[in-house]
Amino acid sequence: MSGVLHHQSLLKVFHVKAKKTGNIVRVTREVYTRDDIYCQSRSCKLCNHTNPTLINNGTLVHYLVPTCEVILKYLEIFEVNVLKNVVFCETLFEYIHDNVKHSNKMTGSIKAIIADKNNRKSILYSNEHSNRTLITPRTESETIEMRNERAILKTADWYASHLKESKIIICLLAIDEEQCKRLNELKDQSLENLKIMTLKEYLANKEYYKQDASRIDLEQLYENVTITKEHETVDDNEFGYQDYLTLDVIEPGLNSGKYYKGVLRVNQYNSRNAHIKTTMKQNNGIIEEDVSVRVLVEGSADRNRAVHGDMVVIELKPKSEWKKIGSDESRTEPVGRVVAVLERNWREYVACLEESKNNTGDYLLAIPIDSRIPKIRIKTKQKNVLENMRLIVRISDWEKKSKYPSGYYVRTLGPIGDLDTETEGLLVENQLFTSTLPFSDLALSELPPVSSGAEFKIPQAEIQKRRDIRKTHLVCSIDPIGCEDIDDALSVKKLSNGNIEVGVHIADVSYYIKYDGYLDLEARRRSTTVYLIDRRLDMIPTLLSADLCSIRQGQDRLCVSVFWEFNKEGEVVDTWYGRTILNSKYALHYEQADELLKKDIGALQQLGTLIQKKRLKDGALELNDLEAVSFKLDNAKNPVKIETKDDLLIHHTVAEWMILANAYVAKKIYDSFPVAACLRRHPYPMKDKFQQVIKVAGSRGFEIDLESGNSLSNSLDRAEDPEDKYVNLLIRSLTTRAMSEAEYFSTGTLPVDDFVHYGLALQFYTHFTSPIRRYADIVVHRLLLWAINNEPNPFSTSKLDEMSKYMNNVNRASKLAQMESSEWFKANYFREHKDTIEDAIIFNIKSNAIYIFIPTFRIKGIIYFTTKEGEFIIPETEQK
Ligand SMILES: [Zn+2]
C-alpha cells in the first residue's frame, strides 16, 4: 500500500468522527505506527514514494509547517491559493475537532487544499502514525496544546534532518513570539535548515514569500484577518437567527422524511426568495416513489444564514403556509425553513463598499455584485482608500446574532468602471481568474526547447511514424481574418478510380502535451480558451497555440487526420484515421475562401452541402449564434461600432466537415471504449421552457412543433413573415435560449439512447476539431489514438465522468464571462452614443413592463413603467 492511500483512509476516519457531535463516546483505539509514511518531497531520494507532491520551485526551496494555533486563526491565508508546499500535520485535525464549533467546515477547507495537489502542492503528513515522528505520550503536567506543539515540532524537525542533504528549508510557523520562544527551547537539536518564525514574520520576509502573480498581498490579508478576528463583536441590534440542529438530530430526520436537503438557490431577480430542489417520497396510490420537488424558502429569517450555493437541510412548514400557484386554490408550492447547513459553498465575491452616511460604526458593509449574495460586514482601517473601488471579499463566519455575515477583504481590483478592473471582476465572479495567471515554470519546462530565433524541428523519427501528405495532398485552412490559432485544415483529392477523397486535419496537440504531465494538468484546469471582447485567455501556451500547433501556411505541421472516400453518389466507401504530417498550401480567411469555392475547392462545397442536406432531412436544427455581435474597438479599447456577423456560405461548408469528423470520431472511440469514451450530447428540449417561444410565434399565427427535431426545424422555417424579417430571427433567438445545453459525458454513465445530439440530429457526437482551445478535444484525440493503436484506455467511466462535469462547468462559466464582457462593451458603447435610434420588437408584456428585442444590436431587455415602489417612470425626453 502506498503512503497516499494510507492518507486517504485516515482522512475517512476523521470524517466519521467529526459527525459524532453531541454524545461523544471516546473510543480507545490501537494506533499502529508505520515506517512507510513518506515525506512526499520531490528532492528526496530516501523515500520510496511515487509522484511526490512537494515541489522545488524558486531558488530558496522551503516547506511550511504551521502549528495548530496558526491554522485555527489564519486558515484563510492558506485558503487563497498563494502559499504552496504546506505540510499539514495530522495532529491539526484532532485539535480542530475539539476546539472549533462547526469543525467540519474547517477540516473540509484543509482537505480541499490537500486535494488540490496540482495547484497547492500541499500534503497531509500522518505524523501521529509514523515511526519517524512519534512522540512520547502526554505527561500530566502538559496541556493538550503543549503536547501538540511537541508533535508538530517533532515533524518539522524530522523533515529538516531528513531533507538536510537537499538543503530544503523547513519553516515552522508559530502564532506569536511566545510560541516561537517555547518551540526554540523545546527543540533538542540545532538544524540549520529548520527555521522557527511567526506567520507574520514569514509573510514579511521577502526572501521566502514574494507577492505572486495573482496580486494577493498576504501581509495585507493577514492584517485584515487579524482585525476581523480580534474584534469579533456583534451588532447591538436584536437580530437573532435560530440555532442550527446538530448532525445527530438531522441524520435520522433526513432518513425518516422529517427533513430534506438540497442546494439553496437564491432568485436572481428577487433576492428575498430562494428555493431548494429535493426528492420526496410520494404515494401515487399504488407504490411509494421518489419525486423531485421544489421547496420555497422566503425571507432572511427562514433562510437562517444560508448563502446561495450552500448545501442546506430544511424542515417543511405546515400546509396552511404553503404558497398558492396562480389563481387555482388547490395548487400550492411547499414552503420550508433552513434548520442546518451541511456544506458551505462560499467563494471569493466581487463587491464594493456601501455608501453610508454615518460612518461611526466599526464595520462597513460590502455589497457583492452578485445580487444573490448578502451584504458582508467587513472591518478595515482603509475605508478612504477602498471607496469607489472594486474589492474581493470573503465570508468568514455568520454568527446567529448578526444580521449580516462577517468577512474580510482580500484585495482591491481597481477603480469601479475601469475596463481592466471590471474584466478581472467578471473573471473572479465566474471563477475563471486563475486562467489569467501565467503558466507555471514546471508546465513551461515541458514545452519543446525553442531558443529564441531557432525553429523547432520535427524529429525525423517522428515523421517516419506518420502518413506523410506534404507532397501528395493539397491542404488549406479557412478561418476568420486574424486567426492565430488555426487548429483545422481540409484537403480534397480526386482518386484514380474517380472517387473523391476528403481529409479533415486537426493540429496534433496531444503530441506536444504529455498525458498527465504538468502542462496537461494545467490545460485540464483551464479546460478552454476564454474569449472576451478585448482579450483571450489561452488554454495552452502561445508557443503551441499560435506556432507549433497552428496549421500555418507553408509550414510542416503534425496533425491527426480523418480521410473519407466518397463515391459518385456522395456515399462514404472508406474511412481512415491516424497521425499525419502536412504542409498547408493556403491559409485562407472566409471571404477569400468564399470566392475560391466556385473554382479549386468546389468539390468540398458540393459534397459538404450534400451531407448537410441529409443531416437536415434527419431533423438537424439550424440555430446559429444569433446573439453574437462583433465590436470595433479604438486604440483605447472604446467600442466605436457594433456589427452583427455575416453568414457566409463557406461558414456552413467548413462547419459541415468539422461536424462530420466529430461524428465519425465519436462513433470510433465509442466502438473501442464503450464505457469510457468522452462524447457530447444535446438532450431533447423541455416543453415548459418553450412556453414563451410558442406564445410569441402564436401571436403571428405560427405554430411551433416540438414533437421531434425535424418538426421543430420545419416549424421554425415556416415561421417566416415576408414583410418582417426580424420575426424569424426573434423566434430563433428565443428558441436558442429555450434549448437544453449540450454537454460532455462519459459513455458508461448513460444508456445509448440518451447519447443523441438533438440539435445536430446525430446519434454519436463529440469534440475533436479544436484541441488548441478545448481540452475535451485533447482527451478525444488521445482516445482516438489509443483506439487505432489498440492501446489500453487509462480512463475509467467515473474518472471521465468527473472530468466531463468539470469541463461542462468551466464551459458554462466561460460562456457567461463572454456574455458579460459583451454586455459591458455594449453598455459602454451606448454611454457614448446616447442618441442612437433603432427599431425594437416587443415580445412580451407584463403589467409593469415590456420586454423588447433590438435586432440591430441583438439586445434583449426589459423596460419598466414603474419603479420598484410603484411610481410611474417618465422618460427623460418628456420631462423637459
Ligand atoms: Zn523522504
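We count ligands from 1, going down the list as the structure has it; atoms in each ligand are counted the same way.
Side chains of Tyr74 and Thr226: a donor-acceptor N/O pair is present below 3.5 angstrom, by distance only. Side-chain polar atoms of Thr67 and Glu149 form no donor-acceptor pair below 3.5 angstrom. Side-chain atoms of Ser527 and Asn811 include no donor-acceptor pair closer than 3.5 Å.
Within the structure, every pair that satisfies the ring-ring contact (aromatic ring centres under 6.0 Å, His included) test and touches residues 173-204, not counting sequence neighbours, is listed here: His62-Tyr202, Tyr202-Tyr208.
Annotation: cation-pi geometry not satisfied between Arg774 and Tyr744 (NZ/CZ under 6.0 angstrom from ring centroid, within 45° of ring axis).
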Exercise for the section: With salt bridge (charged side-chain N to carboxylate O under 4.0 Å, His left out) as the test, would you mind laying out the steps for Lys154 and Glu128 before giving the verdict? Expected result: CA-CA 10 Å; Lys154 175 81 184 178; Glu128 307 276 357; over 6 Å; no

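Protein atoms that are N, O or S and lie under 2.8 Å from the Zn ion (ligand 1) are these: Cys39 SG, Cys44 SG, Cys47 SG, His162 NE2.
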